[in-house]
Amino acid sequence: MNRVLVTGGAGFIGSNFCHHLVTHTDANITVLDKMTYAASRESLAALPDDRVELVVGDVADGAVVDPLVAEHDAVVHFAAESHNDNSLSDPSPFIQTNLVGTFTILEAVRKAGTRLHHISTDEVYGDLELDDPARFTEATPYNPSSPYSASKAGSDHLVRAWVRSFGVRATISNCSNNYGPWQHIEKFIPRQITNVIDGGRPKVYGAGLNVRDWIHADDHSSAVWTILNHGRIGETYLIGADGEETNLDVVRMILAHLGRPEDDFEQVTDRAGHDMRYAIDSTKLRTELGWQPQFADFAAGLARTIEWYQEHQDWWRPHKQHTEATYAAKGQ
Ligand code: NAD
Ligand code: TDX
């Protein structure tokens with residue numbers, strides 16, 4: 001795995017994975033990224049030029065993808081439209097990037113014989129009831145709720161079909177909700193942190209009882225590298241760090257850390273079709289491949305993340321007004 005092509009490598013998790021590779025491996029990296037609103041050159045700026053190259057291009061463009069894929073030992077496919085709320089406002093780019101883009105990557109690896117790891121999400125399994133003792137496993141039936149999660153589910157099915165029909169050498173991982181540095185401020189945790197830093201109030205959808213299973217992006221990256229090197233071809237691995245929290249509890253932790261009363265938040269219009277609870281059972285990854293998360297304590301990881309956003313106001317502040325105006329127009 002000396003030459004790794006990372007699609008979506010200028011996004012939140014893809015850039016974290018590039019940092020992981022530079023720190024923990026000898027691999028040289030090419031990032032293929034369309035540089036949408038979600039991308040950030042700053043997230044890659046600290047990485048050495050002689051090991052990381054950025055190619056600006058679209059994963060749905062075979063003329064760009066095919067020659068790049070042929071030059072690499074492995075492709076790690078992060079590129080996606082990733083925000084549920086945006087998929088409710090306009091599903092079109094989700095279909096194009098998440099489905100046509102994954103199809104384009106699959107055709108390229110089929111031709112070149114390159115190893116593929118496909119990055120997916122726990123949302124493909126739909127949601128669980130709050131009082132359900134069950135968690136998602138690799139055997140849970142697909143049941144996506146939103147245009148985003150349906151497009152990710154479809155991309156997983158394409159990967160499985162290309163493995164079975166064409167012998168493509170691919171693995172899939174479905175990870176729970178990530179948090180950490182460089183996450184776009186449209187997403188729940190950075191939105192609330194930056195609201196409070198700005199003197200505003202967190203905006204909680206509906207009653208705030210929805211549960212998400214949080215994992216630090218560093219732990220997602222280490223799991224992906226483990227699967228790429230040791231995972232069995234054709235297999236799916238669920239990635240999670242036992243981090244279930246209600247949205248209300250996360251907001252209270254952010255408020256408390258920043259010295260504000262824990263009830264100083266607003267309840268706003270709920271998300272259409274809002275999934276109630278996600279929960280990952282990552283036993284297969286832990287027992288088969290020996291992976292363990294490093295951020296076992298969510299509160300400690302969240303505190304470090306809050307401090308990172310306090311220290312990187314130059315990065316997020318130019319996007320804050322537009323992001324909040326978009327939410328305000330939807331009553332959120
Ligand atoms: P992100 O939105 O921060 O980054 C996505 C990146 O993909 C951006 O840099 C964007 O410019 C790029 N991109 C978008 N369309 C592209 C295209 N057509 N061609 C090339 N590049 C394109 O997303 P993220 O949160 O880092 O998520 C990365 C991956 O991880 C996605 O596949 C997502 O479904 C998956 N995932 C995310 C989470 C999470 O909590 N954020 C959890 C599980 C899985
Ligand atoms: O302002 C908000 N208020 C609020 O209550 C926002 C932005 C969100 N929420 C709620 C909705 C969810 O219950 O917080 C929870 C988390 O929301 P998001 O950050 O939008 O994440 P989610 O919809 O759970 O999806 C995330 O995890 C799975 C990622 O965005 C996906 O890319 C990933 O696949």
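Counting starts at 1 for both ligands and their atoms, in listed order. All residue numbers in this chain count up from 1 along the given sequence.
- With respect to the salt-bridge test (charged N to carboxylate O, under 4.0 angstrom), the residues Glu244 and Arg135 do not qualify.
- Looking at atom 24 (O) of ligand 2, its nearest protein heavy atom turns out to be Arg212 NE, 2.7 Å.
- Protein heavy atom closest to atom 1 (O) of ligand 2, with residue, atom name and distance, is Arg191 NH1, 2.7 Å.
- The nearest protein atom to atom 5 (O) of ligand 2, hydrogens excluded, is given as Tyr205 N, 2.9 Å; this is a heavy-atom distance.
- Looking at Tyr125 and Asp275, their side chains never bring a donor and an acceptor atom within 3.5 Å of each other.
- Atom 28 (C) of ligand 2 has Glu123 OE2, 3.0 Å as its closest protein atom, hydrogens excluded (heavy atom only).
- For ligand 2, the atoms sitting less than 4.0 Å from at least one non-hydrogen atom of Thr121 are 28 (C), 33 (C), 34 (O), numbered in the order shown with element in parentheses.
- A salt bridge does not link Arg115 with Asp73: every distance from a Lys NZ or Arg NE/NH1/NH2 to an Asp or Glu carboxylate oxygen is 4.0 Å or more.
- Heavy-atom contacts of Tyr278 reach the following atoms of ligand 2: 24 (O) (cutoff under 4.0 Å).
- The protein non-hydrogen atom at the shortest distance from atom 19 (O) of ligand 2 is Phe188 N, 2.9 Å.
- Residues Tyr327 and Phe265 are members of separate hydrophobic clusters, defined by side-chain heavy-atom contacts under 4.5 angstrom among Ile, Leu, Val, Met, Phe, Trp and Tyr.
- Other residues, nucleotides and ligands contribute over 12 non-hydrogen atoms within 6.0 Å of the CG atom of Asp90.
- Ionic pairing of Lys284 and Glu138 is not present here: no N-O contact between side-chain nitrogen and carboxylate oxygen is shorter than 4.0 angstrom.
- Not a single heavy atom of Gln332 lies less than 4.0 angstrom from ligand 2.
- Under a 4.0 Å criterion applied to the non-hydrogen atoms of Tyr327, ligand 2 contributes the atoms 7 (C).
- Scanning the protein for heavy atoms near atom 21 (O) of ligand 2, the closest one is Asn177 ND2, 3.5 Å.
- Residues meeting the salt bridge (Lys or Arg N to Asp or Glu O under 4.0 Å) test with Arg317, sequence neighbours left out: Asp198.
- Ring centroids of His216 and Phe298 are separated by 6.0 Å or more, keeping the two rings apart.
- With salt bridges taken as basic N to acidic carboxylate O contacts below 4.0 Å, one links Arg201 and Asp264.
- Considering backbone and side-chain N/O atoms, Glu186 never comes within less than 3.5 Å of an N/O atom of ligand 2.
- In this structure, the ring of Phe17 has its center no less than 6.0 angstrom from the ring center of His220.
- Near Tyr148, meaning under 4.0 Å from any of its heavy atoms, are these atoms of ligand 2: 31 (C), 32 (O), 33 (C), 34 (O).
- Backbone and side-chain nitrogen or oxygen atoms of Asp275 are examined, and none is located within less than 3.5 angstrom of a nitrogen or oxygen of ligand 2.
- Contacts of Lys152 with ligand 2, taken as heavy-atom pairs under 4.0 Å, are absent altogether.
- Each of the following atoms of ligand 2 lies closer than 4.0 Å to a heavy atom of Gln192: 1 (O), 2 (C), 3 (N).
- Close approach of ligand 2 to His83 is summarised as follows: ligand atoms under 4.0 Å from at least one heavy atom of the residue are 20 (O).
- Counting only N and O atoms by type, the side chains of Asn195 and Lys320 include a donor and acceptor under 3.5 Å apart.
- Those atoms of ligand 2 that come under 4.0 Å of a heavy atom in His274, given as number and element, are 11 (C), 12 (C), 13 (O).
- Those atoms of ligand 2 with a heavy atom of Val204 less than 4.0 angstrom away are 5 (O).
- Between Trp214 and Tyr278, the closest side-chain pair of non-hydrogen atoms is not below 4.5 Å.
- Residues lining ligand 1 at a heavy-atom distance below 4.0 Å are given as Gly8, Ala10, Gly11, Phe12, Ile13, Asp33, Lys34, Met35, Thr36, Ala38, Ala39, Gly57, Asp58, Val59, Phe78, Ala79, Ala80, Ser82, Thr97, Ile119, Ser120, Thr121, Tyr148, Lys152, Cys175, Ser176, Asn177, Asn178, ordered by chain and residue number.
- A cation-pi arrangement, defined by a distance under 6.0 Å to the six-membered ring centre and an angle within 45 degrees of its axis, is absent between Arg271 and Tyr205.
- With respect to the salt-bridge test (charged N to carboxylate O, under 4.0 angstrom), the residues Arg304 and Glu307 do not qualify.
- Taking 4.0 Å as the cut-off between side-chain N and carboxylate O, Asp242 and Arg286 count as a salt-bridged pair.
- For atom 3 (N) of ligand 2, the closest heavy atom belonging to the protein is Lys203 O, 2.8 Å.
- Asn247 ND2, 3.4 Å is the protein heavy atom nearest to atom 10 (C) of ligand 2.
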